[in-house]
Number of protein chains: 2
Amino acid sequence: MRISAKADYAVRAALELAAAGEDTSVKAEVIAGAQGIPHKFLEGILGDLRRGGLVASQRGGKGGYRLARPADTISIAEVIRVVDGPLVSVRGVRPPELSYRGPAESLLPLWIAVRANVRKILGEVTLAEVAAAKLPGDVLGLAEDPEAWTNP
Amino acid sequence: MRISAKADYAVRAALELAAAGEDTSVKAEVIAGAQGIPHKFLEGILGDLRRGGLVASQRGGKGGYRLARPADTISIAEVIRVVDGPLVSVRGVRPPELSYRGPAESLLPLWIAVRANVRKILGEVTLAEVAAAKLPGDVLGLAEDPEAWTNP
DNA sequence: TATTTTCCCTACTGGAAAAATAGGGAATGA
DNA sequence: TCATTCCCTATTTTTCCAGTAGGGAAAATA
């Protein structure tokens with residue numbers, strides 16, 4: 001299960017905007033510099049976020065990007081969906097469209113359970129929480145277990 | 001977050017072997033037919049599983065593949081790791097190797113939490129359970145919620 | 001021993017998607 | 001009018017995924 005560079009970049013850019021405040025415009029170039037993201041690539045991503053209704057933009061001298069809604073109403077899942085489509089997919093198709101035969105039949109509910117769990121986390125955590133380094137208690141609980149930081 | 005065809009195929013092949021029983025050999029061709037997987041592609045995957053110590057093979061007339069260990073000691077996570085490497089990665093690198101700056105710093109514990117959650121599910125569910133359509137209670141609980149089956 | 005069966009190994013290919021680049025046009029503010 | 005910045009389209013480059021091809025090695029059978 002791989003999270004794309006695009007999704008990672010999009011979330012980081014949104015976090016920069018969240019940190020700047022809802023009514024401060026930040027230039028793409030500045031975000032790119034702060035997060036080490038290729039400038040032109042980031043412009044494309046910010047375009048996706050704008051078309052998705054998550055950010056607003058302003059051209060010209062004092063232009064830039066800002067969040068279109070308060071940071072505590074935008075979940076990480078929303079950001080990822082806007083730039084990458086479905087949150088979880090198997091062979092490129094989302095779980096409900098899959099069909100399995102024989103002993104593999106129960107694989108479908110298993111993928112559904114995985115997706116539900118991912119949604120639960122990324123859907124409840126907001127840009128405001130991450131930007132302020134104040135993750136919800138249940139998420140923090142998962143991340144605090146030293147076991148979670150070890151590789152298999 | 002995408003699960004590759006290779007991982008999906010590997011799990012389904014392993015489930016066929018689990019259903020056949022630990023000491024029954026099944027030919028690659030038969031598994032391919034039963035699950036609709038390209039034969040030669042599947043052979044490569046079964047090779048990975050063998051090198052990973054999950055299946056044993058036998059050449060010749062009555063040959064085929066079988067599980068190297070009891071089906072209730074092999075988790076879905078193990079199967080995926082053997083063919084695909086790390087269970088969860090961001091831009092191709094596993095979470096502990098990431099580093100974030102500024103307001104994105106708390107992204108790291110977030111990815112860790114997501115990974116911990118995925119591990120929790122795929123690490124506890126075994127081939128035996130899926131093959132017998134007897135998922136653990138907590139997983140079934142997640143999958144039974146009608147909400148989990150709807151697309152955003 | 002000869003033959004069939006099946007796994008085993010290496011290489012390779014086509015194509016799509018991911019990641020990034022390039023260049024100029026259209027607003028905006030000074 | 002001019003510098004700035006977003007905006008749009010196209011192109012490139014790279015990488016990896018999914019699948020194919022062909023033959024060699026081992027085992028069972030006859």
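Lettering follows sequence order; numbering is per chain, from 1.
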Is the distance from OP1 or OP2 of D:dC8 to the nearest side-chain N or O of A:Arg50 less than 4.0 Å?
-> yes
Do B:Leu42 and B:Leu46 have side-chain heavy atoms sitting under 4.5 Å apart?
-> yes
So, do B:Leu142 and A:Val114 sit near enough that their side-chain heavy atoms are less than 4.5 Å apart?
-> no
Return yes if some donor-acceptor pair links the side-chain N/O of B:Trp149 with the main-chain N/O of B:Ala143 below 3.5 Å, else return no.
-> yes
Please work out which residues in residues 87-95 of chain A have a non-hydrogen atom less than 4.0 Å from an atom of DNA chain C and list them by number.
-> none
What string of B, S and - do you get for nucleotides 25-30 of chain C, 5' to 3', if B is base contact, S is sugar-phosphate-only contact and - is no contact with any protein heavy atom under 4.0 Å?
-> BBSBS-
Under a 4.5 Å cut-off applied to non-hydrogen side-chain atoms, are B:Leu110 and B:Tyr100 in contact?
-> no
Scan residues 17-31 of chain B against DNA chain D and write down, sorted by residue number, each residue with any heavy atom closer than 4.0 Å; if none is found, say none.
-> none
Residue pair A:Asn117 / B:Val118, side-chain heavy-atom distance below 4.5 Å | no
Think B:Arg66 has a side-chain N or O under 4.0 angstrom from the OP1 or OP2 of C:dC7?
-> no
Which of residues 34-48 of chain A have a heavy atom under 4.0 Å from DNA chain C?
-> A:Pro38, A:Lys40, A:Phe41
Whichever of A:Arg2 and A:Gly63 has the more 5' nearest nucleotide on DNA chain D, that residue is A:Gly63
Could you tabulate the donor-acceptor pairs under 3.5 Å formed by side-chain atoms of residues 69-91 of chain A, not counting sequence neighbours?
{"residue": "A:Arg69", "atom": "NH1", "partner": "A:Glu78", "partner atom": "OE2", "Å": "3.3"}
{"residue": "A:Arg69", "atom": "NH2", "partner": "A:Thr73", "partner atom": "O", "Å": "2.8"}
{"residue": "A:Arg69", "atom": "NH2", "partner": "A:Glu78", "partner atom": "OE1", "Å": "3.1"}
{"residue": "A:Arg69", "atom": "NH2", "partner": "A:Glu78", "partner atom": "OE2", "Å": "3.3"}
{"residue": "A:Thr73", "atom": "OG1", "partner": "A:Pro70", "partner atom": "O", "Å": "2.8"}
{"residue": "A:Ser75", "atom": "OG", "partner": "A:Glu78", "partner atom": "N", "Å": "3.2"}
{"residue": "A:Glu78", "atom": "OE1", "partner": "A:Ser75", "partner atom": "N", "Å": "3.4"}
{"residue": "A:Asp84", "atom": "OD2", "partner": "A:Ser4", "partner atom": "OG", "Å": "2.6"}
{"residue": "A:Arg91", "atom": "NE", "partner": "B:Asp8", "partner atom": "OD2", "Å": "2.9"}
{"residue": "A:Arg91", "atom": "NH2", "partner": "B:Asp8", "partner atom": "OD2", "Å": "3.1"}

With respect to the phosphate group of D:dC7, does any side-chain polar atom (N or O) of A:Ser57 fall under 4.0 Å of OP1 or OP2?
-> yes
Phosphate OP1/OP2 of C:dA20: any A:Tyr9 side-chain N/O under 4.0 Å | yes
All N/O donor-acceptor pairs, side-chain side in residues 28-39 of chain B, below 3.5 Å, sequence neighbours left out:
{"residue": "B:Glu29", "atom": "OE1", "partner": "B:His39", "partner atom": "ND1", "Å": "3.4"}
{"residue": "B:Gln35", "atom": "OE1", "partner": "B:Arg12", "partner atom": "NE", "Å": "3.0"}
{"residue": "B:Gln35", "atom": "NE2", "partner": "A:Arg101", "partner atom": "O", "Å": "3.1"}
{"residue": "B:Gln35", "atom": "NE2", "partner": "B:Glu16", "partner atom": "OE2", "Å": "2.7"}
{"residue": "B:His39", "atom": "NE2", "partner": "B:Glu43", "partner atom": "OE2", "Å": "3.4"}

Tell me: CG of B:Leu49 to P of C:dC8, nearest whole Å?
-> 11 Å
